J.: 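Right, I'll just put the structure down here and ask away after.
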There are 2 protein chains.
Amino acid sequence: MAIRAAPAELDRAHAAMAGAVSALQVEICAALERADGAARFGTDAWRRPGGGGGVTRVLQDGAVFEKAGVNVSDVHGAVGNDLARRLGGEGETFAAAGLSIVVHPRSPLVPTAHANVRFLRRGDAAWYGGGADLTPYYLFDEDCRHFHAVLRRACERHGQPYGAHKRAADEYFFLRHRGEHRGVGGLFFDDLGGDLDATRAFCEEVARGFLDAYLPIVLRRKDLPYGERERRWQEVRRGRYVEFNLVWDRGTVFGLETSGRVESILMSLPPSVRWPYDLRPEPGSPEAALLDVLRAPRDWA
Amino acid sequence: MAIRAAPAELDRAHAAMAGAVSALQVEICAALERADGAARFGTDAWRRPGGGGGVTRVLQDGAVFEKAGVNVSDVHGAVGNDLARRLGGEGETFAAAGLSIVVHPRSPLVPTAHANVRFLRRGDAAWYGGGADLTPYYLFDEDCRHFHAVLRRACERHGQPYGAHKRAADEYFFLRHRGEHRGVGGLFFDDLGGDLDATRAFCEEVARGFLDAYLPIVLRRKDLPYGERERRWQEVRRGRYVEFNLVWDRGTVFGLETSGRVESILMSLPPSVRWPYDLRPEPGSPEAALLDVLRAPRDWA
């Protein structure tokens with residue numbers, strides 16, 4: 001559902017989104033640093049040869065977060081052949097501004113989490129997109145309920161259909177080759193139309209809401225004890241995260257095929273991962289309980 | 001360059017290839033077990049719902065090999081929509097018999113290695129395909145020269161063009177998004193025509209030659225001392241192996257998209273992997289020397 005508007009209106013909306021995601025990046029990095037208490041985000045600014053660029057911020061080897069990335073990009077230019085095949089709409093130029101967050105905690109009892117929002121324009125049409133999702137290694141029902149409840153409230157405040165966006169996330173964050181969902185879902189919206197300012201405000205709420213949805217879970221779980229068994233399971237499940245991002249995630253594949261900045265795109269990959277052959281959790285174990293939920297998504301809020 | 005032959009001839013060639021790869025699997029697993037000296041291969045037989053099946057053999061946590069897989073499959077059935085898009089030729093039925101080997105050693109001074117051969121038939125046409133390649137973490141010129149020299153001799157004995165197959169490997173085992181080759185190459189041939197028996201004999205030679213090409217390198221390097229630095233570099237480079245297999249390898253993507261047996265396809269993924277953000281080796285270091293070769297393939301034989 002593209003938004004059609006006068007070029008000057010679309011220019012203004014793009015600039016507003018670029019400003020918003022830059023401000024959000026500062027805010028989100030600061031909040032994650034406070035939650036970590038030890039490590040700081042590094043900053044890499046990069047330029048895109050065809051137009052625009054971005055700022056990639058990554059924190060590594062923290063006390064709470066093993067790897068966290070918060071990226072913004074604001075790019076524009078000619079629609080090349082590769083890009084044209086994948087973008088909807090018409091027109092020879094495109095512009096995009098977005099924010100992408102991926103957090104890989106150290107403790108297997110703290111879920112991995114992701115959010116992103118973006119504004120995309122081609123010619124006279126524009127779309128907003130984004131989402132947020134939670135990937136636990138061990139299931140705490142109250143964490144899933146909390147995450148979804150915050151996202152539901154974010155939707156309700158902006159007249160957005162939580163149910164539809166939740167179902168779209170269940171559909172999108174799915175490893176078809178495994179018959180498993182990546183995690184316990186969240187929101188996903190791919191081409192959101194509507195009023196330019198109101199829809200941007202919703203995107204900002206999703207990004208800011210990510211902190212409210214996720215940080216209380218981090219604080220609740222980060223000091224729980226765990227052992228080698230839980231750590232290995234986390235590293236095995238992180239392998240599924242890699243499989244999803246490299247095989248099925250449209251944003252990652254799009255970026256790699258259109259020569260985006262590789263290290264910014266792949267900051268989403270977990271810091272350490274294992275692929276043992278054909279590992280199956282014991283029936284009745286907490287690991288098996290997680291798999292049950294990944295195979296049959298629940299309604300959490 | 002498809003091979004066209006009478007159905008009975010193609011049936012016979014298929015059966016011969018299926019028999020050959022089963023025998024090679026036994027031989028190759030035995031040789032790898034001897035080289036390892038500690039761990040043994042497990043065996044999983046599986047059936048394909050649409051017709052045929054395979055035997056997956058994996059060795060894990062050995063003294064020399066951290067993870068090694070030797071798979072055979074012999075499948076047949078109707079050409080579905082997914083498959084039809086990807087297979088060449090015409091006809092409503094297909095049959096395929098093949099062998100695939102991936103070895104991930106424990107020591108970062110021993111290269112990872114891979115080989116595969118396959119017979120593929122659709123309707124009245126058939127193709128052979130396969131290859132072998134070496135992925136070192138640290139560069140020993142004599143190892144690369146040995147690996148390629150064995151493959152060159154295998155080609156020469158069967159009147160196959162080593163130069164063309166070597167260049168095809170350099171082209172195929174390439175991570176476009178990184179501008180890096182996966183390793184130091186080897187052979188790659190995708191649709192080899194010619195005489196049914198002679199071309200199968202070449203495929204057998206490539207698979208058996210893999211042992212001659214690879215095991216002397218394993219024995220030469222397996223007891224060399226290494227430390228945390230070398231191990232981390234190995235785990236980071238193994239990440240590139242994952243990126244290649246999940247993003248660019250046609251066999252892997254084909255298997256995942258056409259619902260092959262996931263654990264057999266993904267046995268190729270390394271046992272432990274790291275993705276630190278934007279790691280760059282020191283100029284002048286052995287790690288940087290490897291990158292130079294991965295960015296500009298050399299002629300080794």
Side-chain angles (χ1 to χ4, degrees), chain A residues 41-44 46 56-61 66-71 82 102 104 175-180 232 235-236 238-249 252-280, chain B residues 41-44 46 56-61 66-71 82 102 104 175-180 232 235-236 238-249 252-280:
Chain A
F41 277 90
T43 303
D44 285 334
W46 52 274
T56 294
R57 300 198 62 191
V58 176
L59 175 157
Q60 294 190 100
D61 296 320
E66 201 170 328
K67 185 177 176 189
V70 182
N71 292 349
D82 279 0
V102 179
H104 291 290
L175 288 80
R176 213 175 77 193
H177 64 287
R178 297 280 189 185
E180 289 172 8
R232 286 189 75 93
E235 292 189 320
V236 172
R238 282 173 170 178
R240 302 293 203 274
Y241 209 85
V242 174
E243 291 174 24
F244 178 81
N245 286 14
L246 295 184
V247 178
W248 301 109
D249 184 51
T252 301
V253 175
F254 176 85
L256 296 181
E257 292 190 351
T258 55
S259 308
R261 182 177 181 264
V262 174
E263 286 293 335
S264 299
I265 298 166
L266 296 187
M267 68 81 183
S268 68
L269 300 182
S272 69
V273 182
R274 282 180 198 278
W275 273 279
Y277 170 70
D278 204 17
L279 180 87
R280 298 177 197 200
Chain B
F41 277 90
T43 303
D44 284 332
W46 52 272
T56 294
R57 300 198 61 191
V58 177
L59 175 158
Q60 295 190 99
D61 296 320
E66 202 170 325
K67 185 178 175 187
V70 182
N71 292 348
D82 278 1
V102 179
H104 292 288
L175 288 80
R176 211 173 82 195
H177 64 285
R178 297 278 189 186
E180 288 172 10
R232 285 189 75 92
E235 292 189 320
V236 172
R238 282 173 169 179
R240 302 292 202 273
Y241 209 85
V242 174
E243 292 174 25
F244 178 79
N245 287 14
L246 294 184
V247 178
W248 301 109
D249 184 51
T252 302
V253 174
F254 176 83
L256 296 182
E257 291 190 352
T258 56
S259 309
R261 182 176 181 262
V262 173
E263 286 293 334
S264 299
I265 299 166
L266 297 186
M267 69 80 184
S268 68
L269 300 182
S272 68
V273 183
R274 284 180 196 277
W275 273 279
Y277 171 71
D278 204 16
L279 180 87
R280 299 178 197 202

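Bear in mind the structure is a predicted one, so any value in this text is a computation, not a measurement. In what follows, every chain begins at residue 1, and chains take the letters A, B, ... in the order their sequences are listed.
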J.: Quick check: does any side chain N or O of A/Gln60 sit under 3.5 Å from a backbone N or O of B/Pro276, one acting as donor and the other as acceptor?
T.: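 No; judged by distance alone, with no hydrogens or angles, the pair does not exist.
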J.: Report the C-alpha separation of B/Val247 and A/Val253 in whole Å, then their side-chain angles, then the decisive distance to 0.1 Å, and conclude whether the side chain to side chain contact (heavy atoms under 4.5 Å, CB included) test is met.
T.: CA-CA 8 Å; B/Val247 178; A/Val253 175; 5.9 Å; no
J.: Below 4.5 Å, heavy atoms only, C-beta onward: do A/Met267 and B/Trp275 meet side chain to side chain?
T.: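 A/Met267 does not reach B/Trp275 side chain to side chain.
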J.: Got a second to check how far A/Leu246's CG is from B/Thr252's OG1, nearest 0.5 Å?
T.: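 It is 11.5 Å, given to the nearest 0.5 Å.
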J.: Working to the nearest 0.5 Å, report the span between NE2 of A/His177 and CD1 of B/Ile265.
T.: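 Here the interatomic distance stands at 8.5 Å.
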J.: Quick test of your reading of the model: are A/Glu263 and B/Arg178 salt-bridged, counting only N-O distances below 4.0 Å?
T.: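 A salt bridge is present here (some side-chain N lies under 4.0 Å from a carboxylate O).
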J.: Less than 4.5 Å apart, side chain to side chain, heavy atoms only: is that true for A/Val273 and B/Arg274?
T.: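 Of all side-chain heavy-atom pairs linking B/Arg274 with A/Val273, none is under 4.5 Å.
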J.: So which part of A/Glu66 gets closer than 4.5 Å to some heavy atom of chain B, the side chain, the backbone, both or neither?
T.: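 Nothing of A/Glu66, per the 4.5 Å heavy-atom cut-off to chain B.
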J.: Taking atom OH of A/Tyr277 and atom OG of B/Ser268, what is their separation to the nearest 0.5 Å?
T.: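 Rounded to the nearest 0.5 Å, the OH-OG separation comes out at 12.5 Å.
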J.: Relative to chain A, which segment of B/Leu266 carries a heavy atom at a distance below 4.5 Å: side chain, backbone, both, or neither?
T.: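 For B/Leu266, the contact with chain A is made by the side chain alone.
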J.: Given heavy-atom pairs under 4.5 angstrom as the criterion, report whether the side chain, backbone, both or neither of B/Val236 touches chain A.
T.: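 No part of it gets close to chain A.
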J.: Between B/Val262 and chain A, which part of the residue has a heavy atom less than 4.5 Å away: side chain, backbone, both or neither?
T.: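 Only the side chain of B/Val262 comes within 4.5 Å of chain A.
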J.: So which residue, B/Val58, B/Thr56, B/Leu279, ends up with the most heavy-atom pairs under 4.5 Å with chain A?
T.: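 So the answer, after comparing B/Val58, B/Thr56, B/Leu279, is B/Val58.
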